[in-house]
Novice: 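Just passing along the structure, written as structure tokens.
Treat the numbers as computed from the prediction; the structure is a model and nothing was measured. What you see below is based on every heavy atom in this structure, not just the backbone, and it leaves out hydrogens, waters and symmetry mates.
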Amino acid sequence: MPYKYIIFDVDDTLLNYGSAFHAAEKAIADYLKVEYSEEYIALSEKLGWKAWKEAGLNDTDSKDVQKNYHSYYYQYLRQHYRDLIEAYHASVSVEELVEIYIKSVSSSKVFMEECTLQVYKVLSEKYRLVLATNGIDRIQRERIQAFLPYTYKTYISENMNTIKPAEEFFKYIIDEMECDPEECLMVGDSMSNDMVGALDAGMDVCYYNNRNKRIPEGISVNYEIKGIEELLNILA
């Protein structure tokens with residue numbers, strides 16, 4: 001069965017999340033009146049990973065995390081910035097830093113590759129393109145603006161009360177679009193969230209492996225690309 005729908009992950013597939021994150025970290029440092037140095041970055045990353053793990057967000061296979069991901073995400077942000085404020089003895093509120101983070105990430109719209117949007121436009125002439133992303137609606141809705149004129153449907157996990165790779169996430173999309181999984185191709189950079197989740201749902205998958213990661217044994221992807229333009233040859 002030929003594909004009718006191409007489903008794209010957003011972060012680190014279409015948009016550069018690392019760029020967004022570091023822009024937000026710099027904005028936080030500026031607000032704290034702290035030099036954005038290697039020392040600051042190392043401390044913030046250490047505190048951030050600690051808060052992330054304490055919130056359980058590294059276990060996306062957990063049913064509890066899949067159901068409560070977004071409340072845990074806000075919990076992680078608040079704990080991260082609470083610890084950062086304490087480390088620098090800063091006289092600012094946690095909520096101020098959370099708001100700065102959200103606004104900064106929302107405004108960062110750096111494409112993963114220069115040709116990303118052009119490839120997306122070309123594909124939209126032949127296929128129904130779908131965006132499927134884990135994240136907060138307020139952040140992701142703003143970041144994807146450039147893609148929306150060429151997009152058939154957008155699915156943001158906060159509005160779905162579930163996340164990739166949960167079966168419910170992909171079932172929600174299939175049911176809402178009233179399509180067969182075989183009509184869909186999932187394109188993403190995350191082996192666990194995008195590839196495994198979509199394969200389990202019965203979709204074909206295309207692994208956007210621009211970092212040249214090793215594909216785990218036992219997982220068979222339909223396509224593997226290093227650059228987004230390769231999709232044009234696959235889907236010609």
Side-chain angles (χ1 to χ4, degrees), residues 3 5-26 38 41-42 44-46 48-49 52-53 57-62 65 69 73 105 108-124 126-127 129-135 139-140 143-144 146-147 150-151 155 157 163-166 169-170 173 181 184-236:
Y3 304 123
Y5 307 90
I6 312 300
I7 305 175
F8 284 90
D9 169 56
V10 173
D11 288 316
D12 290 336
T13 299
L14 297 177
L15 294 174
N16 189 321
Y17 181 74
S19 177
F21 179 80
H22 288 297
E25 286 289 276
K26 186 177 187 307
E38 289 184 8
I41 293 169
S44 184
E45 287 185 353
K46 178 183 176 182
W49 277 117
W52 183 270
K53 290 175 182 176
L57 293 172
N58 56 320
D59 185 12
T60 54
D61 287 329
S62 162
V65 171
Y69 178 90
Y73 185 82
V105 173
S108 179
K109 304 168 186 178
V110 178
F111 300 133
M112 279 300 292
E113 301 177 46
E114 286 186 13
C115 64
T116 296
L117 184 58
Q118 182 57 36
V119 169
Y120 195 85
K121 287 181 182 180
V122 171
L123 290 174
S124 73
K126 186 175 179 181
Y127 301 94
L129 304 188
V130 177
L131 299 176
T133 176
N134 284 350
I139 293 176
Q140 298 300 72
R143 296 183 71 227
I144 61 176
F147 298 94
Y150 316 100
T151 299
Y155 298 97
S157 63
I163 60 167
K164 294 178 289 183
F169 184 96
F170 292 94
I173 293 174
C184 304
L185 177 69
M186 177 77 209
V187 182
D189 72 295
S190 171
M191 182 57 63
S192 57
N193 293 345
D194 301 320
M195 300 296 97
V196 172
L199 285 168
D200 286 347
M203 297 179 182
D204 280 3
V205 298
C206 178
Y207 184 33
Y208 179 63
N209 192 13
N210 68 327
R211 293 185 175 90
N212 204 31
K213 295 181 180 179
R214 184 182 63 83
I215 297 176
E217 290 184 15
I219 298 177
S220 179
V221 300
N222 302 95
Y223 310 98
E224 179 184 4
I225 59 174
K226 307 295 184 183
I228 200 72
E229 276 188 304
E230 293 175 54
L231 276 176
L232 298 179
N233 295 325
I234 292 170
L235 299 170

Novice: Looking only at heavy atoms, what is the nearest atom pair of Gly188 and Asp194, with distance?
Specialist: CA-OD2, 3.5 Å
Novice: For Lys26, enumerate each residue passing the side chain to side chain contact (heavy atoms under 4.5 Å, CB included) test, keeping only those at least two apart in sequence or located in another chain.
Specialist: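 Partners of Lys26 under the side chain to side chain contact (heavy atoms under 4.5 Å, CB included) test: Asp30, Tyr36.
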Novice: If you round to the nearest 0.5 Å, how far is CD1 of Ile144 from CG of Asp11?
Specialist: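 Going from CG on Asp11 over to CD1 on Ile144, the span is 10.5 Å.
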Novice: Any donor and acceptor pair, going by atom type alone, linking the side chain of Lys164 with main-chain N or O of Ser190 inside 3.5 Å?
Specialist: no
Novice: I'd like to know if the side chain of Asn222 and the backbone of Cys206 have a donor-acceptor N/O pair within less than 3.5 Å.
Specialist: no
Novice: Rounded to the nearest 0.5 Å, what separation is found between the CG atom of Asp200 and the CZ atom of Phe169?
Specialist: 14.0 Å
Novice: Please enumerate all residues that pass side-chain hydrogen bond (donor to acceptor under 3.5 Å, both in side chains) together with Tyr155, with sequence neighbours excluded.
Specialist: Glu176
Novice: Tell me the closest heavy-atom pair linking Lys121 and Tyr150, and the distance in Å.
Specialist: CE-OH, 3.0 Å
Novice: Going by salt bridge (Lys or Arg N to Asp or Glu O under 4.0 Å), name the pairs with one or both residues in residues 207-219, residues two or more places apart or in two chains.
Specialist: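 Counting only pairs at least two positions apart or across chains, the salt bridge (Lys or Arg N to Asp or Glu O under 4.0 Å) contacts touching residues 207-219 are Asp12-Arg211.
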Novice: Do the side chains of Leu129 and Tyr127 get nearer than 4.5 Å, heavy atoms only?
Specialist: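 The answer is yes, as the side chains (C-beta and beyond) meet within the 4.5 Å cut-off.
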Novice: Strictly by modelled atom types, are Tyr69 and Asn134 linked by a side-chain donor-acceptor pair under 3.5 Å?
Specialist: no
Novice: Hey, are the side chains of Met186 and Leu199 touching, using non-hydrogen atoms and a 4.5 Å cut-off?
Specialist: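 Sidechains of Leu199 and Met186: no contact.
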Novice: If you compare all heavy atoms of Leu57 against all heavy atoms of Thr60, which two are closest, and at what distance to 0.1 Å?
Specialist: O-CG2, 3.9 Å
Novice: Which residues pass the ring pair (Phe, Tyr, Trp, His ring centres under 6.0 Å) test with Tyr208, not counting sequence neighbours?
Specialist: none
Novice: Would you say the side-chain atoms of Ser157 pair up with the backbone N or O of Gly135, donor to acceptor, closer than 3.5 Å?
Specialist: yes
Novice: Mind listing the closest non-hydrogen atom pair of Ile139 and Val105 along with its distance?
Specialist: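 Heavy atoms of Ile139 and Val105 come nearest at CG2-CG1, 3.6 Å.
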Novice: Please enumerate all residues that pass side-chain hydrogen bond (donor to acceptor under 3.5 Å, both in side chains) together with Ser124, with sequence neighbours excluded.
Specialist: none
Novice: Would you please name every residue forming a side-chain hydrogen bond (donor to acceptor under 3.5 Å, both in side chains) with Thr116, sequence neighbours left out?
Specialist: none
Novice: Find the distance between CE (Met195) and CG (Asp9) and round it off to the nearest 0.5 Å.
Specialist: 8.0 Å
Novice: Could I get the full list of side-chain hydrogen bond (donor to acceptor under 3.5 Å, both in side chains) partners for Asp189, not counting sequence neighbours?
Specialist: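 Partners of Asp189 by the side-chain hydrogen bond (donor to acceptor under 3.5 Å, both in side chains) criterion, ordered by chain and then number, come out as Thr13.
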Novice: Could you walk me through whether Met191 and Asn209 pass the side-chain contact (heavy atoms from CB on, under 4.5 Å) check?
Specialist: CA-CA 9 Å; Met191 182 57 63; Asn209 192 13; over 6 Å; no
Novice: Search all heavy atoms of Tyr120 against all heavy atoms of Leu14 and return the closest pair with its distance.
Specialist: CE1-CD1, 4.1 Å
Novice: Who pairs with Asn58 by side chain to side chain contact (heavy atoms under 4.5 Å, CB included), at least two apart in sequence or on another chain?
Specialist: Trp52, Lys53
Novice: Taking only residues two or more places apart in sequence or in another chain, which ones pass side chain to side chain contact (heavy atoms under 4.5 Å, CB included) with Ala23?
Specialist: Ser104
Novice: What are the two closest non-hydrogen atoms of Phe170 and Ala201, and how far apart are they?
Specialist: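 Looking at all heavy atoms of both residues, the closest pair is CB-CB, 3.6 Å.
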Novice: Output the distance between atom CD1 (Ile41) and atom CD (Glu45), rounded to the nearest 0.5 Å.
Specialist: 7.0 Å
Novice: In Å and rounded to the nearest 0.5 Å, what is the CG to CD1 distance from Leu123 to Ile6?
Specialist: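 If we round to the nearest 0.5 Å, Leu123:CG and Ile6:CD1 are 7.0 Å apart.
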Novice: List the residues meeting side chain to side chain contact (heavy atoms under 4.5 Å, CB included) with Ser19, not counting sequence neighbours, and say none if there are none.
Specialist: Asn16, Ser108, Val110
Novice: Kindly write out the residues that satisfy ring pair (Phe, Tyr, Trp, His ring centres under 6.0 Å) with Phe111, not counting sequence neighbours, or none if the list is empty.
Specialist: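 Here the qualifying residues are Phe147.
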Novice: Show me the donor-acceptor pairs within less than 3.5 Å that the side chains of residues 228-236 make with the rest of the protein, sequence neighbours left out.
Specialist:
unit_1, atom_1, unit_2, atom_2, d
Glu230, OE2, Lys226, N, 2.8
Glu230, OE2, Gly227, N, 2.9

